[in-house]
Amino acid sequence: MKRITTIASLIIVLNLFSQNNSSYNSFIQLDTAIKWAAECDKIINLTPKVQSHSLKKWYLDKLKNGVVSAYKINNNRDAVSSYQLSIPGIEKQEWLKGLSIEIPPYKNPKEWYFYDKTIPKENYERYKYRVGAFRFSADSCCGCDDADAFRAKQILNYKNGKFSIYNVFISPLCARQTGKTPIEWFPLCNVAYNDKADRKFSGLSKDVVLINTDDVDYEFSKEAASAFDSVLTIDRTDIGSLIYKHVLNGIIKPVEIENGKPIPAKNFLNWNMPADTIPSYNDNNEVTGYRAVQQVRSAKEFSCFRIRQDFYFDFKNEKLYSVIRSIIIILPVRFYDGTIRGYAPFCRIY
């Protein structure tokens, strides 16, 4: 507690004020071309392709040696306030010294593992800590790690048959030792606020660079609602039914993930679905034969997505942009009683 109090006393907060363009999602109600929109809370991997582009290190250096413009969503959740933040006492945590970062490619949502780099790869004991995807710590003591993990506030739109992603802001995450597994993340502060009305990616330049490409999962099923993905559109349009409608009229084209083979629109609801053999009966309730009945899924099941994004950062204006590279529909996998036990990739759409 003494260490927390001592370091917390080094945090300087100055000049709290309200942004003029404070509502980050008001454009959704004004743009009639937006058929569906959602607000999403995600943990994204911004490990840089070029080490000098590390956003984690860039922001930690600014917090330690200067000030950062940080942002807070007000209680009414439609306004953003800005303040200046400095943390001159920030240092790497002792318990993480000698450990490196590993992110298994087969896990979604992503999990970060801290491992002892002196122990051979074949020895599982090299893994010392695992950070849960959405476990956030109340411990605000300052001390960071080398993981380029960020929490992102995103707005996901569906407009003119296409998805787009607008990053409101991001927060650098720092691992916290909690004495239990998995350990937790602490969001330092919200940075890189994007308040532009057009929210368009301007393209590469000397100030705008490609940071990383990451797969991010989104879940909008009404049956198993996510705590981190919520629909914003007033009429609460069901995105799965909307996608199916646009598959039927050719606006969206579904293809198989493995080979890119087109999936016929008329077969979209029963593609790769099993057929049940059921008996036929006469008027005396006697079995007269058997017939195959094709199972059909509900269009509402097309509500979960894995979206591959290129993340570009504008170092001059401090804004993060997402450029969508691919979208995979993920379908629920069910137990015999119909309850959901997990999700599996179904098809790619474009």
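The figures here come from the full heavy-atom set of this structure, side chains too, leaving out hydrogens, waters and symmetry mates.
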If the threshold is 4.0 Å, N to carboxylate O, is there a salt bridge linking Asp146 and Lys56? no
How far does CD1 of Ile243 sit from CD1 of Ile349, to the nearest 0.5 angstrom? 4.5 Å
Between Ser303 and Glu219, is any side-chain donor less than 3.5 angstrom from a side-chain acceptor? no
If I take atom NE2 from residue His53 and atom CG from residue Asn212, how far apart are they, to the nearest 0.5 angstrom? 12.5 Å
Are side-chain N/O atoms of Tyr193 and Glu318 paired as donor and acceptor at under 3.5 Å? no
Near Asp283 CG, under 6.0 Å, is it more than 12 heavy atoms from other residues, nucleotides or ligands? no
Verify side chain to side chain donor-acceptor pair (under 3.5 Å) between Ser205 and Asp207, making sure each step is shown before the conclusion. CA-CA 5 Å; Ser205 68; Asp207 296 313; 5.0 Å; no
Could you tell me the separation between the NZ atom of Lys253 and the CD1 atom of Ile263, rounded to the nearest 0.5 Å? 13.0 Å
Side chains of Gln309 and Tyr321: any donor to acceptor distance under 3.5 Å? no
Test item: Leu210 and Phe313 side chains (from C-beta on) under 4.5 Å apart, heavy atoms: no
Please lay out, stage by stage, how Glu286 and Tyr281 fare under the test side chain to side chain donor-acceptor pair (under 3.5 Å). CA-CA 5 Å; Glu286 298 171 335; Tyr281 298 90; over 6 Å; no
Can Asp148 and Lys57 be counted as an ion pair, charged N to O under 4.0 angstrom? no
Which pair of heavy atoms, one from Ala175 and one from Gln93, lies closest together, and at what distance? O-NE2, 2.7 Å
Working note: Tyr113 + Tyr129, criterion ring pair (Phe, Tyr, Trp, His ring centres under 6.0 Å); need CA distance, chi angles, decisive distance, verdict. CA-CA 6 Å; Tyr113 288 78; Tyr129 302 98; over 10 Å; no
OG of Ser69 to CG of Asn190, rounded to nearest 0.5 Å, is 12.5 Å
Nearest 0.5 Å, what's the CD1-SG distance between Ile165 and Cys40? 7.5 Å
Can you confirm whether the side chains of Glu301 and Tyr244 place a donor and an acceptor under 3.5 Å from each other? no
Would you say CZ of Arg130 has more than 12 non-hydrogen atoms from neighbouring residues, nucleotides or ligands within 6.0 angstrom? yes
Phe305: which of Phe163, Phe346, Tyr218 passes ring pair (Phe, Tyr, Trp, His ring centres under 6.0 Å): Phe163
What pair of heavy atoms forms the shortest contact from Gly161 to Ile251, and how long is it? CA-CG2, 3.6 Å
On the six-membered ring of Trp95, is Lys97 placed so that its NZ or CZ lies under 6.0 angstrom from the centre and within 45° of the ring axis? no
Decide if atom NZ of Lys35 counts as having more than 12 heavy atoms of other residues, nucleotides or ligands within a radius under 6.0 Å. no
Taking 4.0 angstrom as the limit, do Lys159 and Asp31 come out as a salt bridge? yes
Cation-pi geometry met for Arg176 and Phe136 (6.0 Å, 45°): no
For residues Pro172 and Val191, report the shortest heavy-atom separation together with the two atoms involved. CD-CG2, 4.1 Å
Between the side chains of Asn282 and Thr288, is a donor N or O closer than 3.5 angstrom to an acceptor N or O? no
Testing the basics here: between Ala37 and Asn157, what is the closest heavy-atom pair and its distance to 0.1 Å? CB-OD1, 3.5 Å
When you measure from the centre of the six-membered ring of Tyr312, is the NZ or CZ of Lys319 closer than 6.0 Å and no more than 45° off the axis? no
Is it true that atom CD of Gln295 has more than 12 heavy atoms of other residues, nucleotides or ligands lying nearer than 6.0 Å? yes
Taking 4.0 angstrom as the limit, do Glu256 and Lys261 come out as a salt bridge? no
Donor-acceptor pair, Asp214 side chain versus Asn45 backbone, under 3.5 Å? yes
What are the two closest non-hydrogen atoms of Ile155 and Val168, and how far apart are they? CG1-CG2, 3.8 Å
